[in-house]
Amino acid sequence: MADKSRILKWMLFAFTVVFWTIGGLMMGVGFYSVTQKNEYTEFTSTSTDPGALIVAVGFIIFFVSFAGTIGALRENTTLLRVYEVFIFIVVILQFIGGILGFAFWPEVRESLDTQVKKMITKYPYDVDLKNAIDLVQERLECCGSSNYHDWNLNRYYRCYVNDPKPIQHCSVPFSCCHIKEKQRINYQCGYQMRSPGRHRLDANNYIYTRGCLDVLENYFKDNLVLVGAVAIAFLLPEVLGIVLTHMFINDIKDRIEKMYEVDGFENRAPRPAGPSQATGYL
C-alpha cells in the first residue's frame, strides 16, 4: 500500500510540475513579447495580441498546476480537489465547444472571419501579430480571411483613388506570394496585385488568392480522422490528470481511515476538554 501511495504521489507530482513549468514558460515568453514592443501599445488590443493571449493562458495553467503540485506534495485533498474540478471543467468545455463548433459552424466561421479581419487592420503595427499572420499565410498558402481582397481593410494595402497613395497601395503582403524553395524573397512581390485592372486568374499566378478560412475548412473536411486524433491527443493528458488526481485523493482518504481504525479513534469515547486540550500541552 505504501509503495502504491508513493507511486501515485510522485506520478501526480511529476505530471503537475510539467504543466506548471509549461505555464511559467508561457508567461515568461508572453511578458517578454509584450514588454519588448511598448512603442506599439497605442495600436494593439489585448484580444488580438498573441503575447497577451499567451500570458493569459500561461497564467491559468501556472496557478492551477501550482495548486496541483502543492496538493500532491503536501497530500492536501482540498488543493487536489480544486485541481481535479478545474481540469474536469476544462475537458467538458472543450467537449461542448467541439460539438457546438461542428453544429454551428457557419456562426463560428463568421466570428472567426470578423476576428481575422480585425487582425488584418492591425498589420503591421503589432510585430507578433504581423509574424503570426505571415506564418499562417505562408504555411497554409492563403491570403486574407475570405480572399485576398480582405487586405483592402488595411490602410497601407487599401486601393486608394486619390493621391497621395502609399507605396503598398492595392497590394498584399509578401507572405501571400508564391515562394519556391530556396528562392530569395521579394518583399514587393505582392505589389499592385489587387489593382482594378488585374483579373484574379492573373493574380493567382503570383499570389495565393484563397482565404485562409476556406483553406482551413477544406483541410478539416478532408482530414476528419486526423483532426479527431489530434483532439483526442490533447484530451488524453487532461483525462490522465483527472484519473491520477482522483486515485490519489481516494488513496489519501483510505490511509486516513485506516489510521483512525488502527489508533482506535472510531471507538474511543470523547474525553471532556481539559487544559491540555484547550490550550495545548501545559
Side-chain angles (χ1 to χ4, degrees), residues 25-26 28-58 108-160 165-195 198 200 202-220 223 230:
L25 289 174
M26 290 178 66
V29 171
F31 275 125
Y32 178 80
S33 172
V34 171
T35 56
Q36 291 300 307
K37 56 182 181 184
N38 290 332
E39 63 269 25
Y40 300 99
T41 302
E42 60 179 303
F43 300 112
T44 56
S45 169
T46 302
S47 62
T48 56
D49 186 354
L53 292 175
I54 290 173
V55 171
V57 175
V108 173
R109 191 186 192 287
E110 183 178 354
S111 177
L112 289 173
D113 183 56
T114 301
Q115 290 300 316
V116 173
K117 287 177 178 176
K118 283 183 181 179
M119 295 178 184
I120 288 176
T121 62
K122 298 180 185 301
Y123 184 103
Y125 303 137
D126 188 320
V127 176
D128 292 331
L129 188 60
K130 174 184 179 299
N131 291 335
I133 291 175
D134 286 338
L135 179 64
V136 169
Q137 292 189 148
E138 288 176 3
R139 294 294 177 85
L140 297 183
E141 299 182 351
C142 58
C143 189
S145 178
S146 300
N147 57 65
Y148 70 117
H149 285 298
D150 289 335
W151 282 99
N152 202 58
L153 297 170
N154 186 280
R155 60 181 298 187
Y156 290 106
Y157 296 99
R158 186 176 301 153
C159 290
Y160 289 89
K165 302 173 183 177
I167 191 172
Q168 299 98 331
H169 150 79
C170 265
S171 303
V172 294
F174 75 92
S175 55
C176 289
C177 298
H178 298 299
I179 301 175
K180 297 180 181 178
E181 189 177 356
K182 297 182 179 180
Q183 179 183 353
R184 188 174 180 179
I185 298 176
N186 175 13
Y187 289 93
Q188 298 299 323
C189 57
Y191 181 71
Q192 293 288 298
M193 287 295 162
R194 294 189 303 103
S195 58
R198 186 181 292 272
R200 176 168 183 163
D202 180 41
N204 195 50
N205 294 323
Y206 305 94
I207 65 170
Y208 305 116
T209 57
R210 294 187 304 168
C212 294
L213 284 183
D214 290 336
V215 174
L216 278 175
E217 184 176 4
N218 291 334
Y219 180 84
F220 286 148
N223 300 274
V230 171

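All values reported here derive from a predicted model rather than from experimental measurement.
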Side-chain heavy-atom pair Cys189, Ile207 within 4.5 angstrom cut-off: no
Distance-only, no hydrogens or angles: does the Tyr160 side chain make a donor-acceptor pair with backbone N or O of Arg155 under 3.5 Å? yes
Gap between atom CD of Gln168 and atom CH2 of Trp151 - 0.5 Å precision: 11.0 Å
Which residues share a salt bridge (charged side-chain N to carboxylate O under 4.0 Å, His left out) with Arg109, sequence neighbours left out: Asp214, Glu217
Does the ring centre of His178 sit less than 6.0 Å away from the ring centre of Tyr206? no
Is there a donor-acceptor pair closer than 3.5 Å between any side-chain N or O of Asp113 and the backbone N or O of Ser145? no
Heavy atoms of Gly144 and Ile120 approach each other most closely as CA-CD1, 4.0 Å
Please enumerate all residues that pass side chain to side chain contact (heavy atoms under 4.5 Å, CB included) together with His149, with sequence neighbours excluded. Asn147, Arg194
Heavy atoms only: give me the nearest Cys177-Tyr208 pair and the separation to one decimal. O-CE1, 3.3 Å
Please enumerate all residues that pass side chain to side chain contact (heavy atoms under 4.5 Å, CB included) together with Asn131, with sequence neighbours excluded. Val127
Using only atom types and a distance under 3.5 Å, with no angle test, would you say the side chain of Ser171 pairs donor to acceptor with the backbone of Gln192? yes
Cys212 and Val136: which non-hydrogen atoms are nearest, and at how many Å? SG-CG1, 4.2 Å
Say you draw a straight line from NZ of Lys122 to CG of Leu153; how long is it, rounded to the nearest 0.5 Å? 12.5 Å
Which heavy atom of Thr209 sits nearest a heavy atom of Arg200, and at what distance? O-NH2, 3.3 Å
Closest non-hydrogen atoms of Ile133 and Met119, given as atom of the first, atom of the second and distance, are CD1-O, 3.8 Å
For Tyr191, check ring pair (Phe, Tyr, Trp, His ring centres under 6.0 Å) against everything at least two apart and list the hits. none
So the salt bridge (charged side-chain N to carboxylate O under 4.0 Å, His left out) pairs with at least one residue in residues 131-146 (sequence neighbours excluded) are Lys130-Asp134
Check salt bridge (charged side-chain N to carboxylate O under 4.0 Å, His left out) between Arg198 and all other residues, then give those that pass, not counting sequence neighbours. Asp202
Less than 4.5 Å apart, side chain to side chain, heavy atoms only: is that true for Lys117 and Ser146? yes
Working for disulfide (SG to SG under 2.5 Å), residues Cys143 and Cys176: CA-CA 5 Å; Cys143 189; Cys176 289; 2.1 Å; yes
Thr121 versus Asn154, closest heavy-atom pair with distance: O-ND2, 3.8 Å
Inter-residue atom distance Gln188.CD - Ile167.CD1, 0.5 Å rounding: 5.5 Å
Look up atom OH in Tyr157 and atom NE2 in His169, then write down how far apart they are to the nearest 0.5 Å. 13.5 Å
